[in-house]
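Heads up: the structure comes next, in structure tokens.
Each residue takes its place number in the sequence, starting with 1.
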Amino acid sequence: MTTPVASHRKTRQHPKALKAMTLALAGAAGATAFDGTGQAAPHPTPAQVKGRVDALYQEAEVATQHYNGAREEAGAARAELARLQDEAVRRTQKLNAAKAELGTMAGRQYRSGGVDPTVRLMMSADPQRYLDGATVLERAGSHQANAVAGYARRLGSVRQVRDRARTTAERLERSEAALKRQRVTIVRKLDAAEALLDRLTDEQRRQMSPGAGPAAAPEDPARSGAQAPSSRAARAVSFAYAALGKPYVWGATGPSAFDCSGLTQAAWKSGGVSLPRTTYTQIGSGPRIDRSELAPGDLVFFYSGISHVGLYIGDGKMIHAPHPGAPVRIAPVDEMPFAAATRPA
């Protein structure tokens, strides 16, 4: 039988044991607060969920723009690498032809009684020795000197092209690594947003985002209160109207789906103007426009990091691709923190 411990006696606790117990209690309290089972941390309201979901969507859009930029950079690097590889092949063929000419020259000289030191040096296993001591050309005849100089030039050009190709391949590798990182970030942010939304009822989701349903009914751009400043801007606006209702898909540039900068890029392309791919490069595609001077077709940018863009259509409204689950729609410019506006030229 175990003897009870007297109530007035204090049981000694090892400091490490006390620390472990404190951490365990803190962890339990944190877990309770996180899963909403504790009285101190009730389930978040739809408004609180909306705030966090909006933040996650905005963070995902920042990553999306970086993803778009990395994909554009990777595409350019891939095309440049292919061009350099083709050029290296062509220049190597010319180098081999020049080397064959020197070989023929050396053969003739050998049959006639000896090989010129210049040619012998060029035919050696280390032609760089010739490049480092090019003064030997002065000891060669005119035709021979031209042949040797031609070989030297081609050797140098092949090396330059191969160096550029190696640098481009390294740039491509960095761009592809950035693509992977941004893709992981985007998916993680969107999954987190969806997990929060799954905690709401359908009615709560509708209350949280009343504009998440069908896109606003199309209007006739010709009847809007403001006129586009050019025929190209008018065509961009018409394109945006035709895109209403199409889904948001990050990284998409149409024709069946768009992200925000993909929509504005495609709209202005229909007007004959080529815009860069990302929000942070599109903002430099024309002169800045004061908010009071906005006209249909202008690009309107949002957030301090210039992570969202829409196409202004007049009357304080824009057409934009908001985020996953929300199709291309008409929305007030005041819907998000306004940052700047640009008129593509």
Side-chain angles (χ1 to χ4, degrees), residues 26-27 29-38 41-75 77-78 171-202 204-209 211-212 246-254 256-265 276-282 301-310 320-329 331 335-337 339:
T32 301
F34 179 77
D35 64 18
T37 58
H43 285 291
T45 66
Q48 290 171 327
V49 172
K50 180 182 185 305
R52 181 56 186 148
V53 167
D54 287 347
L56 286 167
Y57 280 150
Q58 204 268 323
E59 291 165 7
E61 192 146 51
V62 171
T64 295
Q65 295 307 313
H66 288 301
Y67 171 87
N68 292 338
R71 187 169 67 174
E72 190 173 48
E73 171 65 21
R78 196 174 291 112
R171 180 160 54 93
L172 175 58
E173 184 177 0
R174 290 193 299 270
S175 297
E176 289 179 337
L179 271 176
K180 292 178 182 178
R181 288 195 304 271
Q182 299 303 334
R183 186 184 294 113
V184 168
T185 299
I186 293 165
V187 171
R188 181 163 49 84
K189 298 290 185 183
L190 296 182
D191 285 349
E194 190 60 33
L196 284 171
L197 292 173
D198 285 344
R199 301 172 68 175
L200 303 178
T201 66
D202 291 342
Q204 285 175 323
R205 291 179 75 150
R206 281 192 294 271
Q207 291 175 1
M208 187 193 79
S209 184
K246 293 187 176 181
Y248 177 103
V249 174
W250 61 270
T253 58
S256 58
F258 301 91
D259 63 18
C260 69
S261 56
L263 174 63
T264 50
Q265 183 187 51
R277 177 63 182 93
T278 65
T279 53
Y280 51 83
T281 51
Q282 286 185 7
F301 298 89
F302 302 91
Y303 300 104
S304 59
I306 314 298
S307 59
H308 192 77
V309 63
H320 72 138
H323 54 72
V328 176
R329 65 163 69 131
E335 187 174 72
M336 290 174 288

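Of all heavy-atom pairs between Ser256 and Pro247, the closest is O-CD, 3.2 Å. Residue Ala257 comes nearest to Val249 through the heavy atom pair CB-CG2, 3.6 Å, listed as atom of the first residue, atom of the second, then distance. The heavy-atom pair separating Pro276 from Thr281 by the smallest distance is CB-OG1, 3.1 Å. Smallest separation of non-hydrogen atoms from Cys260 and Val309: CB-O, 3.5 Å. Across every non-hydrogen atom of Lys246 and Phe258, the tightest pair is CD-CE1, 3.8 Å. Taking each heavy atom of Glu61 and Ala321 in turn, the nearest pair found is OE2-O, 4.3 Å.
For the atom pair OG1 of Thr64 and OH of Tyr248, the computed distance is 4.0 Å after rounding to the nearest 0.5 Å. Taken to the nearest 0.5 Å, the CE atom of Met336 stands 9.0 Å off from the OG atom of Ser307. Rounding to the nearest 0.5 angstrom, the gap separating the CD atom in Gln58 from the CZ atom in Phe302 is 12.0 Å.
Contacts of Arg71 classified as salt bridge (Lys or Arg N to Asp or Glu O under 4.0 Å), with partners at least two apart in sequence or in another chain: none. Shown here are the side chain to side chain donor-acceptor pair (under 3.5 Å) partners of Arg277, two or more places apart in sequence or in another chain: Asn68, Asp259, Ser261. Taking Glu173 as the reference, nothing meets the side chain to side chain donor-acceptor pair (under 3.5 Å) condition, with sequence neighbours excluded. Tyr67 is linked by a ring-ring contact (aromatic ring centres under 6.0 Å, His included) to Trp250, counting only residues two or more places apart in sequence or in another chain. Remark: Thr201 pairs with Glu203, Gln204 by the side chain to side chain contact (heavy atoms under 4.5 Å, CB included) rule, at least two apart or across chains.
In this structure, a donor-acceptor pair under 3.5 Å is absent between the side chains of Thr278 and Glu72.
A salt bridge between Glu73 and Arg171 is present, with a side-chain N of the basic residue lying under 4.0 Å from a carboxylate O of the acidic one.
Ring geometry for His308 against His320 counts as perpendicular: the plane angle is over 60°, on a 0 to 90° scale with 30° as the lower cut.
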Audit row: Gln282, Thr264, side-chain contact (heavy atoms from CB on, under 4.5 Å) steps and yes/no
CA-CA 9 Å; Gln282 286 185 7; Thr264 50; 2.8 Å; yes
Tabulate below the donor-acceptor pairs under 3.5 Å that side-chain atoms of residues 179-197 make, not counting sequence neighbours, or state none.
residue	atom	partner	partner atom	Å
Thr185	OG1	Arg181	O	3.1
Lys189	NZ	Glu59	OE1	2.8

